[in-house]
Amino acid sequence: MAICIITGSTMGSAEYVADNLEQVLISQGEEVNLFNNATFDDIKDQTQLLVVTSTHGAGELPDNIQPLFDEIAQSELDLSKMQFGVVGLGSSDYDTFCFAVDTVEKILTEKGAKLVCPSLRIDVVENFDHDSTAEDWLPSFVSKLK
Ligand SMILES: Cc1cc2nc3c(=O)[nH]c(=O)nc-3n(C[C@H](O)[C@H](O)[C@H](O)COP(=O)(O)O)c2cc1C
């Protein structure tokens, strides 16, 4: 089964990280589907989901992914066959550092999906190599997928 990557991003930083992870996974022989503007139909039957998202506003999901998670939260979707991981980008200048990660974890878990490893929270204030940090985290996610 392919790994599905979806991104939440405003200025593209999270998209860059996701693009790089997609390339790494492909180089490892994985099949990957990446959606920068994922819809409900794109994700509802996925069994292996990687969410790469920044946090915006005051601890909110970016506008390109917020409607999807609102829709999931309000749905009767059964995600018990889904395994997922989350990579977050955020700034520790905000009290709401990487709150989007918590939101994603909460909504998917409530629908029965299983978080397979601790989420990664990249602090863009002090971390200038997001790609390497995400690549270092990636095996903790991939190795748990069944
Ligand atoms: C208006 C604004 C609001 C932000 N709010 C938060 C926040 O609440 N929590 C957080 O961790 N980071 C926050 N950030 C930092 C972004 O998450 C960070 O700059 C990230 O790299 C943006 O990635 P993107 O281009 O993929 O959206 C905010 C940035 C901006 C410009």
Side-chain angles (χ1 to χ4, degrees), residues 1-25 30 32-75 77-146:
M1 187 68 189
I3 297 173
C4 174
I5 304 178
I6 64 173
T7 62
S9 186
T10 56
M11 302 291 282
S13 301
E15 279 183 22
Y16 281 122
V17 170
D19 284 346
N20 182 59
L21 291 180
E22 178 189 33
Q23 293 312 313
V24 172
L25 288 167
E30 302 284 352
V32 185
N33 295 314
L34 187 150
F35 299 97
N36 286 323
N37 290 293
T39 65
F40 193 71
D41 282 346
D42 292 331
I43 66 103
K44 67 179 174 32
D45 298 319
Q46 300 291 342
T47 56
Q48 300 179 338
L49 182 72
L50 176 56
V51 183
V52 183
T53 184
S54 64
T55 298
H56 267 271
E60 281 140 37
L61 286 164
D63 286 348
N64 74 311
I65 202 174
Q66 178 76 60
L68 170 63
F69 275 85
D70 285 344
E71 201 175 344
I72 296 170
Q74 287 156 19
S75 75
L77 200 57
D78 173 8
L79 293 180
S80 53
K81 292 193 173 64
M82 178 187 280
Q83 300 178 294
F84 76 100
V86 191
V87 172
L89 273 79
S91 160
S92 57
D93 288 339
Y94 293 83
D95 292 342
T96 47
F97 174 61
C98 279
F99 267 30
V101 172
D102 303 82
T103 304
V104 167
E105 287 180 351
K106 180 168 178 287
I107 291 174
L108 293 180
T109 303
E110 275 173 5
K111 298 298 166 192
K114 183 169 186 297
L115 181 66
V116 297
C117 64
S119 300
L120 175 65
R121 292 169 174 80
I122 299 173
D123 183 0
V124 300
V125 172
E126 58 181 34
N127 185 320
F128 302 107
D129 194 348
H130 311 157
D131 283 348
S132 295
T133 306
E135 281 178 40
D136 289 346
W137 170 90
L138 193 60
S140 71
F141 171 64
V142 176
S143 66
K144 297 283 169 33
L145 298 175
K146 291 188 192 114

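For clarity, every value in this text was computed on a predicted model and none was experimentally measured.
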Exercise for review: Output, in order, the C-alpha distance, side-chain angles, deciding distance and verdict of side-chain contact (heavy atoms from CB on, under 4.5 Å) for T103 and F69.
Suggested key: CA-CA 9 Å; T103 304; F69 275 85; 5.6 Å; no

Revision key, fill the gap. Heavy-atom nearest pair, S54 first then T10, reads OG-N, 4.3 Å

**Study point:** side-chain contact (heavy atoms from CB on, under 4.5 Å) between L49 and L79, intermediate numbers included
**Key:** CA-CA 11 Å; L49 182 72; L79 293 180; over 6 Å; no

Check your understanding: If only atom types and distance count, is the side chain of N64 paired as donor or acceptor with the main-chain N or O of S9 below 3.5 Å?
Key -> yes

Practice item. Could you go through the side-chain contact (heavy atoms from CB on, under 4.5 Å) check for I65 and V104 one step at a time? Key: CA-CA 10 Å; I65 202 174; V104 167; 5.7 Å; no

Point to revise | Distance, nearest 0.5 Å, that separates CZ of F97 from CG of D102 | key: 10.0 Å

**Study point:** Crowding at CZ, F35 (>12 non-hydrogen neighbours, <6.0 Å)
**Key:** yes

Point to revise | T55 side chain vs A100 backbone, donor-acceptor pair below 3.5 Å | key: yes

Practice item. Taking atom types as modelled, find out whether D42 and T39 have a side-chain donor-acceptor pair closer than 3.5 angstrom. Key: yes

Review point. Stepwise, does the side-chain contact (heavy atoms from CB on, under 4.5 Å) test hold for L89 with T53?
Key: CA-CA 6 Å; L89 273 79; T53 184; over 6 Å; no

**Study point:** Closest heavy-atom pair and its distance - D136, P139
**Key:** O-CD, 3.4 Å

Check your understanding: Quick check: are there more than 12 heavy atoms from other residues, nucleotides or ligands sitting under 6.0 Å from CG of D63?
Key -> no

Review point. Just wondering, more than 12 heavy atoms not from D93 lying within 6.0 Å of its CG?
Key: yes

Check your understanding: Taking the side chain as C-beta and beyond, is there a heavy-atom pair between V87 and F141 under 4.5 Å?
Key -> no

Check your understanding: Rounded to the nearest 0.5 Å, how far does CG of L108 lie from CD1 of I72?
Key -> 5.5 Å

Check your understanding: Are the side chain of N127 and the backbone N or O of I122 linked by a donor-acceptor pair below 3.5 Å?
Key -> no

Review point. Do the side chain of K114 and the main chain of S80 share a donor and acceptor less than 3.5 angstrom apart?
Key: no

Revision key, fill the gap. Minimal heavy-atom distance between E105 and S119, with the atoms involved, is OE2-OG, 2.6 Å

**Study point:** Nearest heavy-atom neighbours spanning N33 and A2
**Key:** ND2-CB, 3.7 Å

Practice item. Kindly compute the distance separating NZ (K81) from CD (Q46), expressed to the nearest 0.5 Å. Key: 14.0 Å

**Study point:** Distance-minimising heavy-atom pair for F84 and T109
**Key:** CZ-OG1, 3.8 Å

Point to revise | N/O donor-acceptor pair under 3.5 Å between K144 side chain and Q83 backbone | key: no

Review point. Can you name the nearest heavy-atom pair linking D123 to S92, along with the distance?
Key: OD2-OG, 2.6 Å

Point to revise | Side-chain donor or acceptor of W137 paired with backbone N/O of R121 under 3.5 Å | key: no

Check your understanding: Roughly how far, to the nearest 0.5 Å, is NZ of K111 from CG of D78?
Key -> 10.0 Å

Check your understanding: If you round to the nearest 0.5 Å, how far is SG of C4 from CD of E22?
Key -> 10.5 Å

Exercise for review: Ignoring hydrogens and angles, state whether a donor on the side chain of Q66 or D70 is under 3.5 Å from an acceptor on the partner side chain.
Suggested key: yes

Practice item. Using side chain to side chain contact (heavy atoms under 4.5 Å, CB included) as the criterion, point out the one residue from L25, D19, V17, N36 that pairs with I5. Key: L25

Revision key, fill the gap. When rounded to the nearest 0.5 Å, the distance separating CG of L50 from CG of L138 is 7.0 Å

